[in-house]
Amino acid sequence: MEASPDPGPHASASAAAAAPLRAAEVARLREEQEKVVTNCQEKIQHWKKVDNDYDALQERLSTLPDKLSYNIMVPLGPFAFMPGKLVHTNEITVLLGDNWFAKCSAKQAVGLVEHRKEHVRKTIDDLKKVMKNFESRVEFTEDLQKMSDAAGDIVDIREEIKSDFEFKAKHRIAHKPHSKPKTSDIFEADFANGMKSKDLLADRELWERLEELERQEELLGELNTKTDTVIANGEDATSSEEEKEDQNINVNRMHQITDSVFSSSCYNNVTNSEMFNGHMNSQLNCSINGANSYSNEEEEEDDDDDNNSESDHDALGIEDNSIPTIYFSHTVEPKRVRINTGKNTTLKFSEKKEEAKRKRRNSSGSGHSAQELPSIKTPADIYRVFVDLVNGEYVPRKSILKSRSRENSVCSDTSESSAADFDDKRVVLRSISCEEASCSDTSESILEEQQNHQKKPLPLSGSPEAFSGTVIEKEFLSSSLTPHPAMAHPVLPTIPERKEVLSEVSEENTKRVSKFKATRLQQKN
Amino acid sequence: MPAPGARAETAAGSIPADDQAPPKEELCLRIKERKVIVDELSNLKRNRKVYRQQQNSNIFFLADRTEMLSENKNILDELRKEYQEIENSEKTKVKK
């Protein structure tokens with residue numbers, strides 16, 4: 001739709017601009033086509049040789065059983081021969097491929113050779129077709145060259161048509177996947193401008209509607225807890241178009257208001273969200289538990305957090321569709337677990353990724369540590385919740401960290417029961433990690449130690465080992481996760497941690513939230 | 001008893017791979033090869049063994065000397081005929 005007006009001017013411009021390029025481009029096109037032709041000729045020659053070889057082989061095989069034995073020169077390497085006798089003339093071993101051989105008679109071998117020859121002929125025919133096709137194309141390009149040299153009018157017409165097609169195709173490709181969001185973006189941008197100018201009443205109505213939706217979201221967020229809202233924003237495409245619009249608007253306004261902070265926060269959030277997503281993917285139940293705990297204790301903070309989280313996700317906006325990438329990053333973290341449990345190579349790999357993440361965090365949000373901390377904490381909380389959920393039974397804290405600690409402890413204890421617990425815990429990865437953990441105790445973080453201390457009943461021995469190994473994870477998790485392990489128990493500790501984090505963040509976040517709403521207010525004003 | 005020299009020549013003269021329209025130069029080269037083979041085979045002693053290489057492999061099958069000689073002579077004749085035809089066609093083209 002939008003493209004239709006564009007192609008006209010573009011086409012004319014492209015035609016004018018393309019005119020000088022034509023000669024060189026056409027020449028190059030012709031070169032490439034000729035290359036293809038020569039390449040096909042070479043291939044045909046090769047295949048003809050193969051066909052010829054098969055002919056000879058077939059002839060030999062057909063006459064091989066005629067005699068009981070043949071006097072031959074047996075090759076010993078490429079240059080040495082010794083006289084010998086060929087016996088079993090009707091016993092052929094045929095290579096089927098991949099070093100598998102089949103024993104068959106000469107007649108059967110002839111059939112196989114025939115089959116292969118058919119294939120060779122087919123390929124030769126195909127190559128000939130390709131060659132003919134490209135020969136004709138070469139002729140066509142030659143004609144085109146002559147035409148363009150002779151009369152530029154015809155060439156110009158062709159150029160226009162090409163440009164039209166290109167534009168349409170590009171637009172279609174671009175719009176089809178993200179058509180809705182893009183349109184929504186445009187509309188939103190318009191609305192923002194209109195609101196600022198106070199020109200459109202309809203915009204006000206929309207804003208009112210949006211406010212209502214926001215209130216509903218807040219209510220829902222309180223009911224569903226923070227984790228749910230965050231997840232919904234980030235992961236769920238189910239969110240209504242209105243919400244999307246809101247998000248988009250928020251994004252625009254956010255950018256206007258706070259650029260640097262916002263970008264940094266986005267990065268931090270992304271990293272955090274990755275953490276969340278990974279855990280969330282592994283177990284959805286965790287989110288529910290975490291949500292409940294959050295909602296009960298911290299409503300105000302939750303609101304702030306929700307707003308922040310929403311704003312962040314909004315900032316990510318359409319890019320949130322890239323959530324799968326976030327998942328990947330989280331999958332990486334489980335790899336860390338494996339790494340911790342297991343082997344040097346994996347450890348190195350994980351370490352590299354961790355270092356990269358750290359660098360990102362440092363670069364992006366050095367000044368915004370507060371945001372990073374809360375966001376990190378939330379994932380950690382999720383981890384805890386997840387662990388709790390995994391346990392579900394509440395009997396053991398089976399959060400990932402806990403599971404690691406248990407694994408380590410178990411490893412030290414050398415008890416299979418712990419391994420069984422892991423299996424119960426659900427995740428294959430974890431089970432693997434447990435096995436690996438049994439093998440190597442090293443790389444557990446301080447968190448693990450803390451968890452071990454808290455959870456302690458299971459493994460005391462694991463803790464010292466964890467100390468030694470913890471260094472890596474300490475660096476990685478120290479900012480975000482360390483407080484959580486200290487909190488240790490899943491529900492209660494997590495809440496205070498979150499409160500702290502939220503309180504810290506809330507100061508900035510409240511501002512942000514105010515921005516979120518402030519943008520609307522500004523527009524209204 | 002075995003004649004390595006003969007073996008090498010026969011190997012070269014195994015099976016003539018005739019393309020539909022071999023260029024004149026290639027035809028010339030082949031004729032030269034065949035000439036050498038025929039000469040070598042005709043000059044071999046009676047008790048010499050002649051081996052023929054299986055195409056695309058390294059196995060040499062014992063062959064009969066006289067048979068190989070006659071076969072290669074035939075091939076040489078055919079090649080010469082082809083060569084003549086090509087030359088004639090070229091001449092006719094030039095005349096036209």
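All heavy atoms count here, side chains included; hydrogens, waters and symmetry mates do not. Letters A, B, ... mirror the listed sequences (proteins, then strands); counts begin at 1.
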Taking all atoms of both residues into account, what is the closest heavy-atom pair of [X] and [Y], and its distance?
X: A/Pro75; Y: B/Ile59; value: CD-CG1, 4.2 Å
X: B/Gln55; Y: A/Ala56; value: OE1-CB, 3.0 Å
X: A/Leu64; Y: B/Phe61; value: CD1-CE2, 4.2 Å

*Taking everything shown except B/Lys73 itself, do over 12 heavy atoms lie less than 6.0 Å from its NZ?*
no
*Hey, is CZ on A/Arg28 packed in by over 12 heavy atoms from elsewhere, all under 6.0 Å?*
no
*Quick one: does A/Tyr54's side chain get under 4.5 Å of B/Asn56's, heavy atoms only?*
no
Identify every side-chain donor-acceptor pair in residues 93-112 of chain A under 3.5 Å, counting partners at least two apart or on other chains, and give the distances.
from     : atom 1 : to       : atom 2 : distance (Å)
A/Lys103 : NZ     : A/Glu91  : OE1    : 3.4
A/Ser105 : OG     : A/Gln108 : N      : 3.3
A/Ser105 : OG     : A/Gln108 : OE1    : 3.4
A/Gln108 : OE1    : A/Ser105 : N      : 3.0

*Once you round to the nearest 0.5 Å, how far does CD of B/Gln54 lie from CD1 of A/Ile72?*
10.5 Å
*Does any heavy atom of chain B fall under 4.5 Å from the side chain of A/Leu76, the backbone, both, or neither of them?*
neither
*Who are the side-chain hydrogen bond (donor to acceptor under 3.5 Å, both in side chains) partners of A/Glu142, not counting sequence neighbours?*
A/Arg30
